[in-house]
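One structure is given below, encoded as structure tokens.
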Amino acid sequence: RKAESIIVPDESRITAKDEAEKSKFNVIYNAAIEIPPPNDISKDRPFTVYAMGYLMKIRGIEDLLDVSIKLPDVKFLLAGAVHEDDLMKRIETIQNVDYRGFLLPKEALKLCFESDIIFTFYDPVSEINRKAASNKWFDAMMAGKPILVNEEVEKSSWIMKHDIGFTCPYGNLEALVEKIQYIRLHPEDALRKGKNGRRLYEQGYSWDNSMNKISKLLKIT
């Protein structure tokens, strides 16, 4: 109530009920910085699912590891922080899981170009997860890669509306296996969704766009 302006990463985070309070809210998306794709990406790499950020059970990583065992010909690329010891032990023992550790943002973004789908699951048991506004979505859009999100996330409807990714129910391993197999066997569909995401990024979800909003908000010229 005392703030002149309030920044939130998504429209779903606007909690005000009256118009006077609503007018204080400014939506500035979790945009990714623009980086060029690496020159050394192998054309012979296996189909790759990429999960990054906080690698936790409530982010669907345990389910993803279970799926990796069922899909030994698929590469599961991971980068980020792991704070659960039992999860780390599993990551280290599965042959087709490639864990790159905790990386600087630019290095993590580069790995988007080495993947075919960006995995972003959130356990819907908590409200904050259902209202997720993931940085990873905008990372994927910057790199022109499709998103895989669980359908319980409220923003999944936005992803489907703009045709920039795929959805799957949370906690359903069979459905997740089928979805990843579908994406692997239909590269033209994934490529189209990735291009849609890149186009959307350029139209209003880029890093420069977010920085311009902040500059205007702070009256910086």
Side-chain angles (χ1 to χ4, degrees), residues 9-10 29-38 41-53 55 59-61 63-64 67-68 70-71 73-80 96-98 100 105 108-122 124 129 132-170 172-207:
D10 187 72
Y29 300 105
N30 288 319
I33 57 174
E34 180 83 59
I35 64 168
I41 299 176
S42 173
K43 294 182 179 179
D44 299 323
R45 64 173 178 79
F47 180 85
T48 302
V49 179
Y50 182 30
M52 55 179 154
L55 305 175
R59 296 286 180 89
I61 299 303
D63 286 354
L64 193 64
V67 167
S68 72
K70 296 177 180 293
L71 297 174
D73 57 337
V74 173
K75 179 179 178 178
F76 292 82
L77 182 60
L78 307 181
N96 56 325
V97 172
D98 181 1
R100 301 292 180 88
L109 279 174
K110 285 181 183 179
L111 294 182
C112 290
F113 295 104
E114 298 182 26
S115 65
D116 297 282
I117 187 79
I118 308 300
F119 178 84
T120 65
F121 268 33
Y122 296 86
N129 280 353
S134 178
N135 296 59
K136 295 181 281 291
W137 299 339
F138 302 96
D139 296 348
M141 290 161 62
M142 184 281 297
K145 300 294 181 176
I147 300 157
L148 178 55
V149 61
N150 56 297
E151 60 190 30
E152 297 86 358
V153 172
E154 292 179 11
K155 200 73 174 183
S156 65
S157 60
W158 176 82
I159 290 169
M160 297 305 289
K161 174 185 175 182
H162 291 286
D163 195 24
I164 61 174
F166 303 86
T167 63
C168 181
Y170 189 90
N172 187 328
L173 293 184
E174 183 177 345
L176 183 54
V177 168
E178 290 178 359
K179 184 64 66 173
I180 291 174
Q181 286 283 55
Y182 171 86
I183 299 166
R184 184 173 70 87
L185 296 173
H186 296 83
E188 70 289 344
D189 195 11
L191 182 63
R192 178 178 54 79
K193 290 178 186 290
K195 288 181 177 179
N196 289 343
R198 175 64 199 186
R199 191 178 304 115
L200 194 63
Y201 175 86
E202 293 172 352
Q203 289 172 353
Y205 294 88
S206 68
W207 176 266

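Atom set for the values below is all heavy atoms of this structure, side chains included, hydrogens, waters and symmetry mates excluded.
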**Request:** Applying side-chain contact (heavy atoms from CB on, under 4.5 Å), run through Ile180 and Phe76 and close with a yes or a no.
**Result:** CA-CA 11 Å; Ile180 291 174; Phe76 292 82; 4.2 Å; yes
Does any N or O in the side chain of [X] come within less than 3.5 Å of the main-chain N or O of [Y], such that one atom is a donor and the other an acceptor?
{"X": "Glu152", "Y": "Tyr170", "result": "yes"}
{"X": "Asn96", "Y": "Ser68", "result": "yes"}
{"X": "Thr120", "Y": "Leu148", "result": "yes"}
{"X": "Asn150", "Y": "Cys168", "result": "no"}
{"X": "Ser206", "Y": "Gln203", "result": "no"}
{"X": "Lys145", "Y": "Ser115", "result": "yes"}
{"X": "Asp10", "Y": "Tyr29", "result": "no"}

Specify the closest pair of heavy atoms between [X] and [Y], including all atoms of both residues, with the distance to one decimal.
{"X": "Pro146", "Y": "Ala140", "answer": "O-CB, 4.5 Å"}
{"X": "Trp207", "Y": "Ala32", "answer": "CB-O, 3.3 Å"}
{"X": "Arg184", "Y": "Val74", "answer": "CD-CG2, 3.9 Å"}
{"X": "Phe113", "Y": "Pro37", "answer": "CD2-CB, 3.5 Å"}
{"X": "Asn30", "Y": "Pro9", "answer": "ND2-CB, 3.6 Å"}

**Request:** Check the pair Ile35 / Met142 against side-chain contact (heavy atoms from CB on, under 4.5 Å), numbers first and verdict last.
**Result:** CA-CA 8 Å; Ile35 64 168; Met142 184 281 297; 3.7 Å; yes
Enter the distance from [X]:[atom1] to [Y]:[atom2] here, rounded to the nearest 0.5 Å.
{"X": "Ile159", "Y": "Lys193", "atom1": "CD1", "atom2": "NZ", "result": "10.5 Å"}
{"X": "Arg198", "Y": "Met141", "atom1": "CZ", "atom2": "CE", "result": "9.5 Å"}
{"X": "Met160", "Y": "Phe166", "atom1": "CE", "atom2": "CZ", "result": "8.0 Å"}
{"X": "Ile147", "Y": "Ile117", "atom1": "CD1", "atom2": "CD1", "result": "8.0 Å"}
{"X": "Lys161", "Y": "Lys155", "atom1": "NZ", "atom2": "NZ", "result": "9.0 Å"}
{"X": "Leu111", "Y": "Asp98", "atom1": "CG", "atom2": "CG", "result": "8.5 Å"}

**Request:** Could you tell me which residues satisfy ring pair (Phe, Tyr, Trp, His ring centres under 6.0 Å) with Phe119, sequence neighbours excluded, listed by chain and number?
**Result:**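 Ring pair (Phe, Tyr, Trp, His ring centres under 6.0 Å) check on Phe119 returns Phe121.
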**Prompt:** For Trp158, what residues pass the ring pair (Phe, Tyr, Trp, His ring centres under 6.0 Å) criterion, not counting sequence neighbours?
**Reply:**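 Checked Trp158 against ring pair (Phe, Tyr, Trp, His ring centres under 6.0 Å); matches are His162, Tyr205.
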**Message:** Does anything in residues 41-53 form a side chain to side chain donor-acceptor pair (under 3.5 Å)? List the pairs, not counting sequence neighbours.
**Reply:**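 Output for this query lists Arg45-Asp116.
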Can you check whether [X] reaches [Y] side chain to side chain, under 4.5 Å on heavy atoms?
{"X": "Asp139", "Y": "Ile118", "answer": "no"}
{"X": "Leu77", "Y": "Arg100", "answer": "yes"}
{"X": "Ile183", "Y": "Phe47", "answer": "yes"}
{"X": "Leu200", "Y": "Asn196", "answer": "no"}

**Prompt:** Using the ring of each side chain (for Trp, its six-membered ring), is Trp137 parallel, tilted or perpendicular to Tyr122, with breaks at 30° and 60°?
**Reply:**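 Answer is perpendicular, since the angle exceeds 60°.
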**Asked** In this structure, are over 12 heavy atoms from other groups packed under 6.0 Å from Glu188 atom CD?
**Response**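 Yes, CD of Glu188 has more than 12 neighbouring heavy atoms, counting only those of other groups under 6.0 Å.
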**Message:** Around atom NZ of Lys110, are there more than 12 heavy atoms from other residues, nucleotides or ligands closer than 6.0 Å?
**Reply:**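 Not buried by this count: 12 neighbours or fewer within 6.0 Å.
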**Message:** For the residue pair Asp189 / Tyr182, report whether a side-chain donor-acceptor contact shorter than 3.5 Å exists.
**Reply:**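 Note: Tyr182 and Asp189 side chains meet the donor-acceptor criterion.
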**Request:** Walk me through it: do Leu55 and Arg59 pass the test side-chain contact (heavy atoms from CB on, under 4.5 Å)?
**Result:** CA-CA 7 Å; Leu55 305 175; Arg59 296 286 180 89; over 6 Å; no
**Request:** For Val153 and Asn129, run side-chain contact (heavy atoms from CB on, under 4.5 Å): C-alpha distance rounded to whole Å, both residues' side-chain angles, the deciding distance at 0.1 Å, then the answer.
**Result:** CA-CA 7 Å; Val153 172; Asn129 280 353; over 6 Å; no
